[in-house]
Amino acid sequence: MRHNELLNFWKNCQINMKPRHQGILQRNSSLLRWLIQTTDILIGIVTAVFTHWYRFGQWEMSPPYLQVIILGGMMVALIFPMFPNLYTPLRGRSLSSEIGTVIQAWGTVTILFMIMGFMTQNFVIPQRDERFSRLWFALWFTSAGSIYILSRVCIRLFLIWLRKRGFNFRMVVIIGAGSLGDSIAKQIEESPWYGFKVTGFFDDNPLLQHQHVGNIPVIGTLDDVDEFVKNCAIDQIWITLPLRAEKRIKEVLHQLRHSTAEIRLFPDIFGFQLLNHSIGEIAGFPVMNLSSTPIAGVNRIVKGFEDRIFAFLILLLISPLMLAVAIGVKLSSPGPVFFKQKRHGWNGKEVEIWKFRSMIVHKEEPGQITQATKNDNRITPFGAFIRRTSLDELPQFINVLQGTMSIVGPRPHAVEHNEAYKDIVDGYMLRHKVKPGITGWAQVNGWRGETDTIDKMKRRVEFDLHYIENWSLWFDIKIIFLTVLRIFFDKNAW
């Protein structure tokens, strides 16, 4: 394509476009990040002060309360930056993702305060006769969490307002008009709040030249990119070519070596079995993680605190119930109270899982485990009751305290079942990227109990992998809540 044709195309596609203003926000991104971090600290402190006034009817507070408020501000300053993407540029990220990160960060601060309160009973106060108001703490953490969410919503609304007036968006061209490029362009077109506008495609396919993919024109071939970008106000160049086009990608990058536009590669990797994929670095070299655990770094600390605290508190509450169930098991049939079985845990390591015994004592053939079925004659009447109500799972809270299980995670299957399914169900062993759980996303969606067909196991694995890919503290709490609601209404357990 000749130089004049490119410029004419640019003029034609700009006729109905509002004037674009250079981004003040982009030029001052470091200052804005500092302002948001400072605002987060102030939200934690100011809400504590206001809720103290609301609870006690006075602004004056004792030194211990002041100490805790200052400690809260320090914890926000230290913990919030530990969460990835909380203070990175918002462009291209969904609001729900950002809110989820905020909830995780403030939830971590809340959990740490709960642990400190449990360990010291009154935090930093040495005098045991002076206590804190539980209502004040509840008001503080609830109101601060709500304001954190509201602040993120307000920032997004402000950015949308700016972009409607021609400010703070980036002009983009996409190299590669295949399925990946088309999908990205459609998503950007349907989500203007991301702050991008796709001007056009460049593709070597002769059948696409001067055509439209969706609503976006194909401007020219890959050889035309440099000239177009050089003469037009393009901020970013997105490469969506397949991995087999390595040579062509190198040629394009060489053409654009003098361009100041940002160049981003969208590798077409979605034909692979991906799990929690991300970009990282090893020994100074960029690396793409195609399959990794989300429970690492600060997430591992958060998950560990969550499991230990909930398991300890739940065991305290249910200890009388567990004693009653143990007596019922012992009276129902001869044999031990607990049923113990080897299963695969985190990273495929074998762990011993505990349950209340619900069947008569019987022997299986070596290397064979027969799943329980409806009206299974091995299940005792009392065993049927505790299986239906999930009371047989209660000893697994001991496994959680031991660190071999989690409260929420993929349900552990017998080692023999893993051997049988791992070559049949795609991604089956990826379930072991996290600790097995007492309850999970598959279970609250009805995939609990017998898996007597390959399709049922595939569906269970799909839900398990969705959980691992989308893990968050909030997701765990949601699953726990749904488990409590549905535990007595599940028809798939026997």
Self-check item: ring-ring contact (aromatic ring centres under 6.0 Å, His included) partners for Tyr148, two or more places apart
Solution: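 By the ring-ring contact (aromatic ring centres under 6.0 Å, His included) rule, Tyr148 matches Phe80, Trp106.
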
Practice problem: Could I get the full list of ring-ring contact (aromatic ring centres under 6.0 Å, His included) partners for Trp238, not counting sequence neighbours? | Solution: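 Expected list: Phe196, Phe266.
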
Not counting sequence neighbours, which residues clear salt bridge (Lys or Arg N to Asp or Glu O under 4.0 Å) with [X]? List them please.
X: Lys422; answer: Glu419
X: Glu350; answer: none
X: Lys478; answer: none
X: Glu251; answer: Arg248

Quick one: does [X]'s side chain have a donor or acceptor within less than 3.5 Å of a partner on [Y]'s backbone?
X: Ser406; Y: Gly409; value: no
X: Lys435; Y: Gly345; value: no
X: Gln209; Y: Asn205; value: yes
X: Asp203; Y: Gly220; value: no

How many angstroms lie between [atom1] in [X] and [atom2] in [Y], if you round to the nearest 0.5 Å?
X: Leu265; Y: Ile237; atom1: CG; atom2: CD1; answer: 12.5 Å
X: Ile295; Y: Ile468; atom1: CD1; atom2: CD1; answer: 9.0 Å
X: Ile149; Y: Ile103; atom1: CD1; atom2: CD1; answer: 4.0 Å
X: Ser179; Y: Ile184; atom1: OG; atom2: CD1; answer: 9.5 Å
X: His432; Y: Asp464; atom1: NE2; atom2: CG; answer: 9.5 Å
X: Phe201; Y: Ile216; atom1: CZ; atom2: CD1; answer: 4.5 Å

State which residues pass side chain to side chain contact (heavy atoms under 4.5 Å, CB included) with [X]; sequence neighbours excluded, sorted by chain then number.
X: Asp182; result: Lys186, Val213
X: Ile353; result: Arg343, Val351, Gln396, Asn399, Met405, Pro412
X: Phe50; result: Val46, Trp59
X: Leu253; result: Ile239, Ile249, Ile263

Counting C-beta onward and ignoring hydrogens, is there a side-chain heavy-atom pair between [X] and [Y] closer than 4.5 Å?
X: Glu189; Y: Lys197; value: no
X: Ile454; Y: Ile424; value: yes
X: Val172; Y: Ile188; value: no
X: Gln104; Y: Trp471; value: yes
X: His413; Y: Arg431; value: yes
X: Thr199; Y: Ile234; value: yes
X: Ile175; Y: Val252; value: yes
X: Lys355; Y: Glu393; value: yes

Quiz item: Where is the tightest heavy-atom contact between Asp426 and Val461, given as atom of each residue plus distance?
Solution: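 Looking at all heavy atoms of both residues, the shortest contact is O-CG1, 4.1 Å.
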
Exercise. For residues Val400 and Ala311, report the shortest heavy-atom separation together with the two atoms involved.
Key: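 Smallest interatomic distance, heavy atoms only, reads CG1-CB, 3.6 Å.
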
Pairs of donor and acceptor atoms involving the side chains of residues 37-45, under 3.5 Å and at least two apart or interchain, shall be tabulated with distances.
unit_1 : atom_1 : unit_2 : atom_2 : d
Thr38  : OG1    : Trp34  : O      : 2.8
Thr39  : OG1    : Leu35  : O      : 2.7
Asp40  : OD1    : Arg152 : NH1    : 2.7
Asp40  : OD2    : Tyr87  : OH     : 2.6
Asp40  : OD2    : Arg152 : NH1    : 3.3
Asp40  : OD2    : Arg152 : NH2    : 3.1

Quiz prompt | salt bridge (charged side-chain N to carboxylate O under 4.0 Å, His left out) between Glu262 and Arg264, intermediate numbers included | solution = CA-CA 7 Å; Glu262 293 183 32; Arg264 296 185 173 182; 3.4 Å; yes

Quiz item: Are the charged groups of Lys250 and Glu246 less than 4.0 angstrom apart, N to O?
Solution: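 Answer for the salt bridge query: yes.
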
Practice problem: Take Asp455 and Arg459 through the salt bridge (charged side-chain N to carboxylate O under 4.0 Å, His left out) test and state the conclusion after the steps. | Solution: CA-CA 6 Å; Asp455 287 339; Arg459 291 295 289 158; over 6 Å; no

Quiz prompt | CZ (Phe141) with more than 12 external heavy atoms under 6.0 Å | solution =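 Atom CZ in Phe141 is packed in, count exceeds 12.
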
Practice problem: Decide if atom CE of Met74 counts as having more than 12 heavy atoms of other residues, nucleotides or ligands within a radius under 6.0 Å. | Solution: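 No, the 6.0 Å shell around CE holds no more than 12 heavy atoms from other groups.
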
Exercise. Establish, yes or no, whether a centroid distance under 6.0 Å links the rings of Phe228 and Phe202.
Key: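 Yes, they do, as the ring centres are separated by less than 6.0 Å.
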
Quiz prompt | Any pair counted as salt bridge (charged side-chain N to carboxylate O under 4.0 Å, His left out), so long as it reaches residues 292-312, sequence neighbours left out | solution =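 Only Lys303-Asp476 qualify under salt bridge (charged side-chain N to carboxylate O under 4.0 Å, His left out).
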
